[in-house]
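Notes to accompany the following structure.
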There are 2 protein chains.
Amino acid sequence: MTQRFINNKMSPVERAYHYILDAILSGELEPGMRVPTEALAENLGISRMPVRDALRQLEGDGAVTIIANRGASVAQYSSEEVVEIIEMRAVLEALAARLALPRMSATEISELEHLHWRMQNVSQDLTAWISAHDDFHNYLTACSKRPLLIQQSQRLRLMLRPYFRSYYAESKELEITGLEHQSLVDAVKAGDPEDLERKVRAHVRQNVETIAKLA
Amino acid sequence: MTQRFINNKMSPVERAYHYILDAILSGELEPGMRVPTEALAENLGISRMPVRDALRQLEGDGAVTIIANRGASVAQYSSEEVVEIIEMRAVLEALAARLALPRMSATEISELEHLHWRMQNVSQDLTAWISAHDDFHNYLTACSKRPLLIQQSQRLRLMLRPYFRSYYAESKELEITGLEHQSLVDAVKAGDPEDLERKVRAHVRQNVETIAKLA
DNA sequence: GCATCTCATATTGGATACAATAATACTTGA
DNA sequence: TCAAGTATTATTGTATCCAATATGAGATGC
């Protein structure tokens with residue numbers, strides 16, 4: 001089992017939360033799979049109570065689905081719902097980018113460029129690329145300095161993760177999307193918020209078509 | 001204490017959830033107020049466990065904030081965060097409206113008109129007006145038939161509720177916003193999705209300025 | 001008189017135990 | 001052999017109990 005980011009001084013709820021989340025993000029737990037409370041509790045050496053608690057939090061994040069008396073399973077989204085999530089991500093991250101641009105410092109812009117560079121640098125290693133890609137979008141969104149907007153975007157990206165994993169795995173277009181991101185960096189440097197908003201929205205929304213081709 | 005929508009055959013978690021939520025929506029519980037687990041449990045004649053569970057769900061909804069070892073309190077948002085939420089609502093509901101328009105039936109359009117009429121009809125009774133106003137926006141959003149989008153919008157509107165209550169209470173511009181909504185109905189009837197999206201976004205976003213004037 | 005430290009109290013977090021519900025296997029009748 | 005009903009098992013939901021942490025009051029020293 002892979003090493004998880006679990007600290008010994010974390011509280012049981014936190015441990016359970018990150019444990020399950022990491023399992024979902026890593027693809028170990030796939031959409032639709034059941035998440036039995038007891039087994040997890042035993043695995044972590046804690047009682048079912050904090051696990052239950054963590055599951056409720058993950059439900060709020062859209063990562064798991066809980067049905068009364070039938071327990072939790074990894075959230076499963078239909079292709080229509082995946083499209084829906086992408087559309088939401090598109091407008092929210094586009095909004096974040098628009099709000100971010102006017103207050104971005106030179107340092108932040110060069111940091112964004114660095115993240116883009118790193119993304120292209122690991123384009124051969126799928127897992128690393130996904131992570132770097134996430135970092136890029138996370139960073140641009142984070143530059144908005146709007147905590148709730150950042151949180152929502154992260155949630156949506158988290159919901160999509162299991163589906164994008166298989167998508168990217170079968171896609172050979174990593175380089176092309178690399179160019180896509182370059183154009184975003186350019187738009188940032190150009191400094192027009194409205195234009196950046198449109199571009200980010202279109203960029204994220206583009207995934208709808210590519211995913212549609214797969215399904 | 002006001003009558004709540006609590007059915008006797010509801011499970012304890014559901015009872016607790018709706019009990020707390022209603023208390024927040026009605027304004028009985030104001031932002032920042034603590035929500036002591038034990039007192040509520042006693043009030044409802046159940047144990048603290050289901051209350052705890054309900055609180056975690058409400059945390060996911062953004063209605064309460066839970067801090068480790070310090071319990072739950074009604075979520076409190078700074079004016080910056082309120083603006084943030086409005087901006088998110090604006091883009092999401094605008095998106096929903098755009099997606100809804102092409103698939104709206106004549107029946108749905110006239111239902112929307114009816115809701116608008118009802119809104120104007122109760123413009124003297126603040127509580128009723130807020131409820132009717134919510135119904136109007138909810139309905140337009142719901143016409144998108146996108147479950148996740150609908151859920152997110154509802155969450156955001158819920159987060160704003162406590163702040164809009166005081167806003168509307170001090171505002172004398174109910175009639176003006178009535179005209180505002182008429183223009184939305186007109187845009188729906190015009191049938192241009194892109195235009196409707198812009199109008200809905202502007203309409204929701206408008207609250208930013210009005211709220212800013214108050215603070 | 002003020003700050004700080006300690007102790008008491010209230011409230012939350014977690015574990016165990018029991019009850020209720022759902023899923024499954026089995027039996028019984030046709 | 002199949003269907004339906006029943007019983008068994010597994011899993012979840014709730015309650016109670018104990019531990020840990022935070023809060024506030026009071027005492028003690030400066």
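Computed from a prediction, not measured in an experiment: that's the story for all the values here. Proteins come first, then strands; the chains are lettered A, B, ... in the order of their sequence lines, and each starts at number 1.
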- Message: For Glu42(B), is the CD atom crowded, meaning more than 12 foreign heavy atoms sit under 6.0 Å from it?
- Response: no

- Message: In this structure, how many angstroms lie between the C1' atom of dT21(D) and the CE atom of Met10(A), rounded?
- Response: 19 Å

- Closest nucleotide among dT11(D), dA22(C), dA22(D) to the Arg34(A) side chain: dT11(D)

- Distance-only donor-acceptor test (3.5 Å): side chain Arg52(B), base dG14(C): no

- Note on the structure: One should read off an interatomic distance between Leu156(B) CG and Glu87(B) CD, to the nearest 0.5 angstrom, of 12.0 Å

- Round to a whole Å and report the spacing from CD of Glu42(B) to P of dA10(C). 13 Å

- Looking only at heavy atoms, the pair that brings Thr37(B) and Arg48(B) closest together is CG2-O, 3.7 Å

- Val35(A) or Ala68(B): which one's nearest nucleotide on DNA chain D is closer to the 5' end? Val35(A)

- Between dT12(C) and Thr37(B), is there an OP1 or OP2 to side-chain N/O distance shorter than 4.0 Å? yes

- Rounding to a whole Å, what distance do you find between Leu44(A):CG and dA15(C):P? 11 Å

- Report yes or no: is there a donor-acceptor pair, N or O only, under 3.5 Å between the side chain of Arg70(B) and the base of dG13(C)? no

- Note on the structure: Rounded to whole Å, the CD1-P distance (Ile66(A) to dT14(D)) equals 12 Å

- Starting at atom CG of Asn69(B), determine the distance to atom C1' of dG13(C), rounded to an integer number of angstrom. 7 Å

- Message: Can you measure Leu55(B) atom CG to dT14(D) atom P for me and round it to whole angstrom units?
- Response: 14 Å

- Item | Partner set under ring-ring contact (aromatic ring centres under 6.0 Å, His included) for Phe136(A), not counting sequence neighbours | His181(A)

- Using a 4.5 Å cut-off on heavy atoms from C-beta on, say whether the side chain of Leu95(B) contacts that of Gln152(B). no

- Item | Interatomic distance, Met49(A) CE vs dC18(C) P [rounded to whole Å] | 14 Å

- Comparing nearest nucleotides in DNA chain C, the 5'-proximal residue of the pair Pro36(B), Ser47(A) is Pro36(B)

- Between Glu38(A) and Pro50(B), which is nearer to the 5' end of DNA chain D once each is assigned its nearest nucleotide? Glu38(A)

- Query: Rounding to a whole Å, what distance do you find between Asp53(A):CG and dT12(C):P?
  - Reply: 13 Å

